[in-house]
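To keep things clear, I will list the structure first and then write my remarks on it.
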Number of protein chains: 2
Amino acid sequence: MKAHSATSEDAITSHGIRLTPQRRYVYEALMEKRDHPTASEVFMRAKARMPSISLATVYNCLDALTESGLIRQVYCERGSSRYCPNLVPHGHFFCKTCGVVFDVPIDPAQEASWEFPEGTQLEHVEITLRGLCPACAQKQTTSLL
Amino acid sequence: MKAHSATSEDAITSHGIRLTPQRRYVYEALMEKRDHPTASEVFMRAKARMPSISLATVYNCLDALTESGLIRQVYCERGSSRYCPNLVPHGHFFCKTCGVVFDVPIDPAQEASWEFPEGTQLEHVEITLRGLCPACAQKQTTSLL
DNA sequence: TATGAGATCAAGAATTATTCTAAAACAAAA
DNA sequence: TTTTGTTTTAGAATAATTCTTGATCTCATA
Ligand SMILES: [Mn+2]
Ligand SMILES: [Mn+2]
Ligand SMILES: [Zn+2]
Ligand SMILES: [Zn+2]
């Protein structure tokens, strides 16, 4: 039985960083649910498969994967940052009540022309929507009765 | 000589929070340069005018002003959050090298229709552009020669 | 004007996510 | 196989923020 999918190995090596078991487990912890876990959530998932892995290593691996462009780091709020394995350009909805984060498709036309000073080098546009997720919006409406 | 502009007093009281000297100094510290200072930068500016003010109070005031909608809190990166007194809808450019933050006008059409699950309650769209500011882009190009 | 309730302030302790440090394990190159 | 550089690990250190608690202030009302 194979412990790792060939695709995650390929993904890592093809992004120019050395393949290590820890990086594989960390990457797979992100792929396995495709949500937006914090570093310590990733740590718990990876630990389930590799009990010896350390939190420091999870941070190192997340950094390496982010640097190499294989995953994205997302700052939705103060406190912990989150990680996203979805490489297709997209925005994030963040629920200010329960903290859930989910992907939001962005209209390609959205990548409009921005006006800023001559000489600025734009690398990346980040769109964050804030509000209440359906579950929290529901609860709030109900409690107002 | 008046210590405070009437407009900042009006702004605070009209936003439904109690006017206190500390809140006025904090608000004016933000208005005075219209950049995007961190809490401790605000603390230093406010302290210059009111030496007795404490950092905890600066945090309290920034919270109160943010809650009341008079200023905006901006998360551009891990580490300190920044504050912005510009209430006109706009995005932020963040230089990943020097950390400078500046306002970027957004096309009203940008406030497009977003697709997300039924029942979601959108409150606010946040747009962050990342890259190199003109000064840092210049330096980088030069050093590559 | 006196007084009581609640809001705000201040100092310092506590928290939390992250980053750093240094040593051991590992991997690839010579 | 030695050398060299990279990665992992545990634990210490850091930095921004939040919490706690008592003092102070403000406002409404007696
Ligand atoms: Mn995502
Ligand atoms: Mn701004
Ligand atoms: Zn929610
Ligand atoms: Zn810069």
Side-chain angles (χ1 to χ4, degrees), chain A residues 4 9 12-13 15-29 36-47 49-68 70-84 94 96 99 101, chain B residues 4 9 12-13 15-29 36-68 70-83 94 96 99 101:
Chain A
H4 295 285
E9 299 185 2
I12 294 172
T13 53
H15 274 251
I17 56 172
R18 188 186 284 177
L19 176 66
T20 69
Q22 288 85 349
R23 286 177 180 171
R24 234 165 15 190
Y25 283 115
V26 165
Y27 181 61
E28 288 174 2
H36 297 81
T38 61
S40 61
E41 285 163 351
V42 171
F43 176 50
M44 293 187 293
R45 291 186 199 168
K47 209 174 169 63
R49 303 286 192 82
M50 182 190 231
S52 69
I53 199 172
S54 77
L55 178 58
T57 296
V58 169
Y59 273 105
N60 288 342
C61 292
L62 289 170
D63 272 4
L65 295 170
T66 302
E67 285 291 291
S68 76
L70 195 53
I71 65 176
R72 282 174 57 186
Q73 184 172 28
V74 202
Y75 307 113
C76 284
E77 45 163 352
R78 256 219 60 72
S80 19
S81 47
R82 295 167 173 279
Y83 297 85
C84 166
F94 171 72
K96 57 188 270 191
V101 174
Chain B
H4 297 282
E9 299 186 2
I12 294 172
T13 53
H15 275 250
I17 57 173
R18 189 187 281 175
L19 176 66
T20 70
Q22 288 85 351
R23 287 179 179 169
R24 233 163 18 189
Y25 283 116
V26 165
Y27 181 61
E28 288 174 0
H36 297 82
T38 62
S40 61
E41 285 164 351
V42 171
F43 176 50
M44 292 186 295
R45 291 185 200 170
K47 210 175 169 61
R49 303 287 192 79
M50 181 190 231
S52 68
I53 198 171
S54 78
L55 178 57
T57 296
V58 168
Y59 273 104
N60 288 340
C61 293
L62 289 170
D63 273 3
L65 295 170
T66 303
E67 285 290 291
S68 75
L70 195 54
I71 65 176
R72 284 174 57 184
Q73 185 172 27
V74 202
Y75 308 114
C76 285
E77 44 162 353
R78 256 221 59 74
S80 20
S81 47
R82 295 169 173 278
Y83 298 85
F94 171 72
K96 57 188 269 190
V101 175

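The figures that follow rest on heavy atoms only: side chains count, while hydrogens, waters and symmetry mates do not. If you're wondering where the values come from, they're calculated on a predicted model, not measured in any experiment. So that the names make sense, note that chain A is the first sequence line, chain B the second, and so on, each numbered from 1.
Considering all non-hydrogen atoms of both residues, A:Ser68 and A:His15 come closest at O-ND1, 3.0 Å. Of all heavy-atom pairs spanning B:Ala46 and B:Ala29, the tightest one is N-CB, 4.3 Å. Closest of all the heavy-atom pairs between B:Val58 and B:Ala39 is CG1-O, 3.7 Å.
Distance, A:Tyr59 OH to C:dT16 P: 13 Å, rounded to whole Å. Residue A:Glu41 contributes atom CD, which lies 15 Å from atom P of C:dT16 at whole-angstrom precision.
The outermost nucleotides of DNA chain D lying under 4.0 Å from heavy atoms of chain B, listed 5' to 3', are D:dA16 to D:dT26.
Residues A:Val26 and A:Ile71 fail the side-chain proximity criterion, which asks for heavy atoms closer than 4.5 Å. The side-chain heavy atoms of B:Thr20 and B:Ile12, taken from C-beta on, include no pair separated by under 4.5 Å.
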Side chain to side chain contact (heavy atoms under 4.5 Å, CB included) between A:Met44 and A:Lys47, worked out: CA-CA 5 Å; A:Met44 293 187 293; A:Lys47 209 174 169 63; 5.6 Å; no

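At a threshold of 4.0 angstrom between heavy atoms, the contacts of B:Ser40 with the nucleic acid are absent. B:Thr38 comes within contact range of no nucleotide atom at all, as no heavy-atom separation falls under 4.0 Å.
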Letter per nucleotide, 5' to 3', of nucleotides 3-10 of chain C [B base touched, S only sugar-phosphate touched, - untouched; heavy atoms, 4.0 Å]: ----SSSB

Donor-acceptor pairs under 3.5 Å, side chain of residues 73-83 of chain B to any protein atom, not counting sequence neighbours: which ones?
| residue | atom | partner | partner atom | Å |
| --- | --- | --- | --- | --- |
| B:Gln73 | OE1 | B:Tyr75 | OH | 3.4 |
| B:Gln73 | NE2 | B:Ser81 | OG | 3.3 |
| B:Gln73 | NE2 | B:Tyr83 | OH | 3.1 |
| B:Arg78 | NH1 | A:Gly79 | O | 3.0 |
| B:Arg82 | NH1 | B:His36 | O | 2.7 |

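Between the side chain of A:Ser40 and the main chain of A:Phe43, no donor-acceptor pair closer than 3.5 Å is present.
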